[in-house]
Amino acid sequence: MRRPTVLVVDDDAFSRTVVSKKLKALANVIEAEDGHDALCRMQGVRIDLAIVDLEIPRFNGLDLIKCMRGMPSLKHIPIIVLTANETRGGLEGALMGGATSFLLKPLNWSAFGEHIRHVLELAYRAGHLALHDHLTGLPNRVQLNERLENALSLVQPGALVAIHMLDLDQFKKVNDTMGHPAGDRLLELVAERLRTLVRGADTVARMGGDEFAIVQPAISGPSDAATLAQRIVSVVGEPYDISGVQVVIGTTIGISIAGTPGCKPENELRNADIALYRAKKAGRGTFCFFDTGMDLALHERHELSLDLAQAVENKQFELFYQPVVGLESDRIKAFEALIRWRHPRKGLVPPGAFLTLAEQLGLILPLGEWVLEEACMAAQSWPQDLCVAVNLSPTHFRSKGLVDAVRRALDKSGLDPRRLEIDVTEAILLRDPGTALAVLHELRALGVRIAMDDFGTGYSSISHLHSFPFDKVKIDQSFVEKMMANRSSLNVVRAVATLANGLGIEATAEGVETEEQLAAIRAEGCTEMQGFLSSEPVPAGEIPLLLLEEQLRNSDGPARAPRGQPSASKPVREAPRVPARKAAGT
Ligand code: C2E
Ligand code: MG
């Protein structure tokens with residue numbers, strides 16, 4: 001325990017000396033003869049207790065107390081006032097002004113010693129609690145900051161300070177499945193292990209929850225920090241015995257290295273946090289050093305997050321539409337709605353640049369609902385034989401309100417459900433296939449069509465195509481792109497088209513850009529195509545023009561059914577002749 005420091009303020013030199021003498025056994029003493037003197041002598045000293053005579057010149061005792069309470073380091077220390085019995089009137093004011101207790105003069109010395117000891121003990125305990133984590137007994141965030149500040153101010157030329165930020169992997173799972181007492185025990189055990197791994201000069205702190213931090217002062221280079229981090233990852237990852245149950249967790253660490261003069265604790269902690277975020281993204285159970293590029297990337301991400309949240313609120317999005325052409329009829333059968341963000345400064349932003357972030361920010365649901373409504377409204381104004389395809393994210397699929405959202409969009413627009421196609425990817429069937437299938441069946445009961453999108457990428461399980469009666473399978477554009485040069489891509493196109501034909505469903509080839517590719521996918525049995533060869537995605541306003549162009553080209557064929565009329569049967573054509581069109585934002 002650190003030896004405490006007591007400030008004694010009394011204008012009576014004799015009384016002051018006696019008080020100091022009595023205190024010497026318990027603490028270091030600073031003597032001051034008046035309020036002004038006290039303020040001067042306190043500069044740069046950490047005071048644990050103040051004993052103040054109320055009747056002092058130049059700044060009376062009450063003013064001094066008020067002044068001390070205004071200083072952050074003295075806000076919470078005990079202040080005992082001394083007052084002569086005959087002037088007790090000022091006592092109430094002193095207690096109101098911030099004094100914690102009082103002693104009457106002349107002092108009873110045995111009571112005095114007892115009182116001071118008691119007050120110092122309470123102050124120590126309060127100080128300990130203020131600086132330590134109650135569960136693990138480790139220094140807390142406040143103390144870690146102090147130690148880090150200290151380490152940074154003392155760093156010698158050529159030496160460095162490492163700050164490690166740790167996050168436990170799988171801790172939440174233990175807490176949720178085994179209960180909070182087990183979670184608390186686990187944190188205690190982790191704290192014990194961390195204590196054994198560091199040197200005496202290092203500080204291990206608990207920052208809250210399952211987050212710990214370590215300050216490693218006076219290291220000679222980053223490799224010292226890497227060695228410690230490596231040991232932490234391996235030791236924290238060893239099994240724990242919690243009430244007879246073996247538990248295994250891991251840890252991920254972000255490290256910031258400070259050494260240049262002027263490093264600020266808050267910046268170093270933030271940098272370690274950024275590195276931790278990166279380490280988690282790279283795959284847990286590892287460590288990662290901070291570098292300034294990360295800061296920039298994170299800053300950009302932060303900016304984009306703020307912009308995106310605002311964009312959802314202000315509806316800064318637009319739908320572009322890309323035709324899906326039937327290979328048998330050589331005519332547009334549907335349009336796929338593809339979202340774009342009309343960014344106030346960056347212009348038109350493609351979905352690949354913001355959808356993942358929207359997922360992470362929890363914005364994908366309002367966004368998906370907007371797309372559904374907007375696309376259904378648009379389709380309602382098209383000729384009756386045209387469908388609209390809407391992409392839905394797996395997150396949307398896991399949300400409770402998806403079926404209601406689809407129903408609402410249909411009701412609001414009055415669109416025939418058979419004209420809405422929902423494009424889903426295999427990812428929806430991975431996490432909770434039972435729920436996903438139930439939702440698919442509910443959607444099907446509404447009458448909408450369901451397509452398996454981007455097939456062939458990621459998981460490509462044929463069993464997924466058998467698990468639900470999909471209306472269509474869309475072969476990912478990566479296979480179409482490579483099928484002319486690469487045998488295995490050609491084989492995938494062939495296999496999926498054959499399977500789709502066998503199941504009696506449409507096989508749509510995505511990303512068809514050349515006549516050669518078109519001929520190949522046709523030969524392999526695809527029934528629909530989508531791609532720049534027919535048209536890039538276009539704004540809604542250009543759809544009538546696309547349809548007119550198609551009608552002019554096919555003027556010998558039957559006209560498209562206008563709104564509200566059934567479609568005419570279509571003749572078989574050699575190949576789609578819709579010329580390539582370019583649109584912004586693709
Ligand atoms: P997707 O569903 O596979 O959509 C097709 C993508 O391929 C579109 O990219 C389209 O512009 C592009 N594309 C079409 N033809 C060609 C071609 O011939 N060559 C090449 N290289 N690319 C072609 P886009 O619009 O950037 O969309 C990317 C993805 O973003 C979509 O892939 C879809 O998964 C997702 N997405 C788009 N809009 C939405 C939306 O409203 N909601 C959700 N959840 N996802 C969306
Ligand atoms: Mg799609």
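Worth saying up front: this structure is predicted, and the values here are computed from it rather than measured. Both counts, for ligands and for their atoms, begin at 1 and track the order of listing. Scope of the values below: all heavy atoms of this structure, side chains included, with no hydrogens, waters or symmetry mates.
Every atom of ligand 1 with a heavy atom of R340 under 4.0 Å away is listed here by number and element: 11 (O), 24 (P), 25 (O). Near E513, with a cut-off below 4.0 Å to any heavy atom, the atoms of ligand 1 are 17 (C), 18 (O), 19 (N), 20 (C), 21 (N). With ligand atoms numbered from 1 in the order given, ligand 1 contributes 30 (O), 35 (C), 36 (N), 43 (C), 45 (N), 46 (C) to contacts under 4.0 Å with heavy atoms of L355. Near V371, the atoms of ligand 1 lying under 4.0 angstrom from a non-hydrogen atom of the residue are 41 (O). Per-residue contacts place D454 under 4.0 angstrom from the following atoms of ligand 1 (heavy atoms of the residue considered): 3 (O). The contact set between ligand 1 and E336, taken as ligand atoms under 4.0 Å from a residue heavy atom, comprises 2 (O), 4 (O). Each of the following atoms of ligand 1 lies closer than 4.0 Å to a heavy atom of G531: 15 (N), 18 (O). Atoms of ligand 1 lying under 4.0 Å from any heavy atom of Q322, numbered from 1 in the order shown and given with element: 14 (C), 15 (N).
In terms of polar-atom proximity, defined here as any N/O pair under 3.5 Å, P351 makes no such contact with ligand 1.
Taking all heavy atoms of Q517, Q477, E481, E510 into account, the minimum distance to atom 6 (C) of ligand 1 is reached by Q477. The closest heavy-atom contact to atom 43 (C) of ligand 1, among the options L338, L367, N391, L319, comes from N391.
Taking the charged nitrogens against the carboxylate oxygens, E336 and K474 do have a contact shorter than 4.0 Å, which makes a salt bridge. Contact check on E318 versus R342 returns a salt bridge, with a Lys/Arg side-chain nitrogen under 4.0 Å from an Asp/Glu carboxylate oxygen. Using a 4.0 Å cut-off between a side-chain N of Lys or Arg and a carboxylate O of Asp or Glu, D411 and R408 do not qualify as a salt bridge. A salt bridge does not link D385 to R419: none of the charged side-chain nitrogens sits closer than 4.0 Å to a carboxylate oxygen. Salt-bridge check for E211 with R206: failed, with every basic side-chain N at 4.0 Å or more from each acidic carboxylate O.
Here the side chains of F212 and L168 are in contact, with some heavy-atom distance below 4.5 Å. Residues P383 and L547 form a side-chain contact, since some pair of their non-hydrogen atoms from C-beta on lies under 4.5 Å apart.
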Table please: side-chain donor-acceptor pairs of residues 344-362 below 3.5 Å, with sequence neighbours left out.
unit_1 : atom_1 : unit_2 : atom_2 : d
R345   : NH2    : D307   : OD2    : 3.3
E359   : OE1    : T395   : OG1    : 2.1
E359   : OE2    : S393   : OG     : 3.2
Q360   : OE1    : R301   : NH2    : 2.5

Return a table of donor-acceptor pairs under 3.5 angstrom between the side chains of residues 249-256 and protein atoms on other chains or two or more places apart.
unit_1 : atom_1 : unit_2 : atom_2 : d
T251   : OG1    : D167   : O      : 3.1
T252   : OG1    : D169   : OD1    : 3.0
T252   : OG1    : D169   : OD2    : 2.9
T252   : OG1    : G285   : N      : 3.1
S256   : OG     : E268   : OE1    : 2.7

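Around the Mg ion (ligand 2), protein N, O or S atoms at less than 2.8 Å comprise E336 OE2, N391 OD1, D453 OD2.
Aromatic ring pairs are classed by plane angle as parallel below 30°, tilted from 30° to 60° and perpendicular above 60°; the pair W341 and H343 is tilted.
Counting heavy atoms under 4.0 Å from ligand 1, residue D453 touches it through the side chain alone. The residue K474 has no part lying near ligand 1, judged by heavy-atom distances below 4.0 Å.
Contact annotation: G368 has no heavy atom less than 4.0 Å from any atom of ligand 1.
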- Query: Between D404 and R407, does a salt bridge (Lys or Arg N to Asp or Glu O under 4.0 Å) hold up when you go through it step by step?
  - Reply: CA-CA 5 Å; D404 281 342; R407 194 182 289 121; 2.7 Å; yes

key: Verdict with reasoning, V493 to C526, per side-chain contact (heavy atoms from CB on, under 4.5 Å)   = CA-CA 8 Å; V493 175; C526 291; 4.1 Å; yes

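The ring-ring contact (aromatic ring centres under 6.0 Å, His included) check on Y321 picks up W382, with sequence neighbours excluded.
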